[in-house]
J.: 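Before anything else, here's the structure in question.
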Amino acid sequence: MDREEAKRRIEQLSAEVERHNVLYHLRDAPEISDEAYDTLFRELKALETDYPDLMRSDSPTQRVGGAVLEGFETVRHTAPMLSLDSAAGEDAIVRFDERVRKTLGEDVEVAYVLEPKFDGASLELVYEDGILTVAATRGDGIEGEGITANARAIAAVPLSLDASRRPIPSLLSVRAEVIMEVGPFEEHNARLMAEGRTPFSNPRNAAAGALRQLDSALTAKRPLTIFVYDVLVAEGLRLATHWEVLAALEEWGFRVTDMRRRVTDVEAIVAKFREFEADRDEIPFEIDGMVVKLDSLADREALGMTSHHPRWAFAMKFPPRREVTRLLDIVASVGRTGVVTPVAMLRPVELSGVTVSRATLHNREEVVRKDVRKGDKVRVQRAGDVIPQVVERIPERGRRRSPPFEMPERCPSCGTELVERGPFTLCPNGLDCPAQLAGRLIHLGSRNALDIEGLGEETAKLLVSEGLVRRLPDLFDVRAEQLTPLEGFAEKSAEALVRGIAKAAHTPLHRFLFGLGIPEVGATVAKQLARHFGRLVTLREAEEEELVAVLGVGPIMAEAIAGFFREPHNVELLDALLDGRVNLEEGEPAKPAGGPFDGRKFVLTGALAGFTRDEAKAEIEGRGGRVVSSVTGKTDYVVVGDSPGSKYAKALDIGVAILDEAAFSDLLST
Ligand code: IVH
């Protein structure tokens, strides 16, 4: 391939790969398999390695990160990034509306755009001639930190804009909020905790932390997304309203909330605010209020701004999800994985409409770090679906404190001696421990698993304590007449539960996989596993090397998954579940599992007669192999052509398998 061809191909591939990024991450409508995507991506990457100067500044290969910075540069914003005037509750909006109408005069028709107030980190994105050139954090509103490489690592950030529906201003600077959705946030935290690291206290901190990684490859691994909600600078853009601006942003390819509304009176504002508040827990990300923005851009000019906030916008905040209460006790609770967690028993307190009486303290080190003891005054918080947490202790002068909490030596559920693993305390008794069995039942019945109606925490514990469920599979053998004598059950509720179980027994594979409670496997990974393998039998037999080929599965997770399916108790458990109890809906594997060269490393040296360098490379990478530049003990094959270089000698020296062109061709055709 000559330089001109390479240039054309790089342009073609950059556009194509980015199109698939958008389809996958923004539209949730992939058109090609992960494998086909990887092949395109690898071809682009290989061409960029061969012709580094032809790499485009909006190349999707930059999304995976790479360069590690020493620190961030200070970037001056294209326009001040102001804050918002705000108040909790509904009253202040009436005064805001009155002030707006008074300033504009009675004959002016007022319209507002209502948007969720995203609880994330604010970001400026600057596009020059449609290409992302700078991204910066808000900082003090005038200057922020340049985090361009990190912004590129976020799939929802367009690297270049779509000019097909509307011309793009030569300079366009927009404002967005970077957020982490609650589901991915919880999975991310679960991973951190499994590694014994301190979890983030809320998705906003997790998003802000990810944005300020010096190594953009780390940002790329975080499940971040953005919503764009404002234009800071748009040279030559002539639009009259914010409503039109949002539509334009969408046409250029930005993610804009579809929860926006346009209203003309204060009653409608209040109604929408109540709706957001009621739906707050159903929204997949955290919002902490609603933003009310004057729609007419000309009228905004008339209202002006203070140094802190514009006078044409107002944030209505939800009541806090943080409150102060008393810590009544700390008890050790055994979860489904056997981890013994210190749980804070609280004087009940209402956090945005939900009464909270318990909160997790994660592990014994966390109790020490936060220095909380029975009787202390504490601040607690709730974030989305996240389990309530104790944020901090509030010191009280002159109050005598209880002695520090100590972990019990024996399992509070089954009496087995507890063992310590890093920061964690474990009950080693597995499913013979009633608390672990009940925990596994609750998980199996939970929303993202089999979603068994009527199987809540209380019922699961009852089924275990009454001996109706001694092994997980027993759940599917429970009969209504066994339930009716139990406390809290009547004929109807007993029948309803049995029906719920029977219905849930017919389930898509990914729900079942999640429900099994395989260590490390959250709902997202469960879906990827189901997609990749299609059938449970194939997954059960998969080796670690095969598992790491699944999107989102790394070596630690692969080991945990393979280990789970090898463990004799689990083998027995699965066999019993599948023996007429659970009926799986399975599919075809998304692709033949892995390429024949998966994970193999090749080194090319010398000229081949039948292939150019690029062609040989494409052949190898198309089969899942990798071409690396130097021969080491980890190299699998050295392909030797005419007049090979020193790599040939090195290969002979350390005894790496050597392929001449004929052997290489043979290998390709096997
Ligand atoms: S507009 C000058 N719209 O809330 C007006 N801000 O507490 C610029 N925020 O710093 C802000 N969602 O980071 C706007 N739909 C939304 C928002 C939003 C969240 C953030 C923003 C701002 C903070 C103010």
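Since we're looking at a predicted model, the values are computed, not measured. Positions are given from 1, in the same order as the sequence printed here. Order of listing sets the numbers, starting from 1, for every ligand and every atom in it.
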J.: Might you point out which heavy atoms bring R262 and A111 nearest each other, and give the distance in Å?
T.: NH2-CB, 3.5 Å
J.: Between L132 and Y127, what is the shortest heavy-atom contact and its length?
T.: N-CD2, 3.3 Å
J.: side-chain contact (heavy atoms from CB on, under 4.5 Å) with E181: which residues, sequence neighbours excluded?
T.: P184, T225, R255, P284, F285
J.: Among pairs that include at least one residue of residues 149-163, which meet salt bridge (Lys or Arg N to Asp or Glu O under 4.0 Å), considering only residues two or more places apart or in two chains?
T.: D162-R165
J.: Could you check whether K272 makes a cation-pi contact with F276, meaning its NZ or CZ is under 6.0 Å from the centre of the six-membered ring and within 45° of the ring axis?
T.: yes
J.: Excluding sequence neighbours, so at least two apart, what forms salt bridge (charged side-chain N to carboxylate O under 4.0 Å, His left out) with R204?
T.: D119
J.: Can you list, by chain and residue number, every protein residue with a non-hydrogen atom closer than 4.0 Å to ligand 1?
T.: L84, E115, P116, K117, F118, S122, R175, E177, Y229, V291, K293, P310
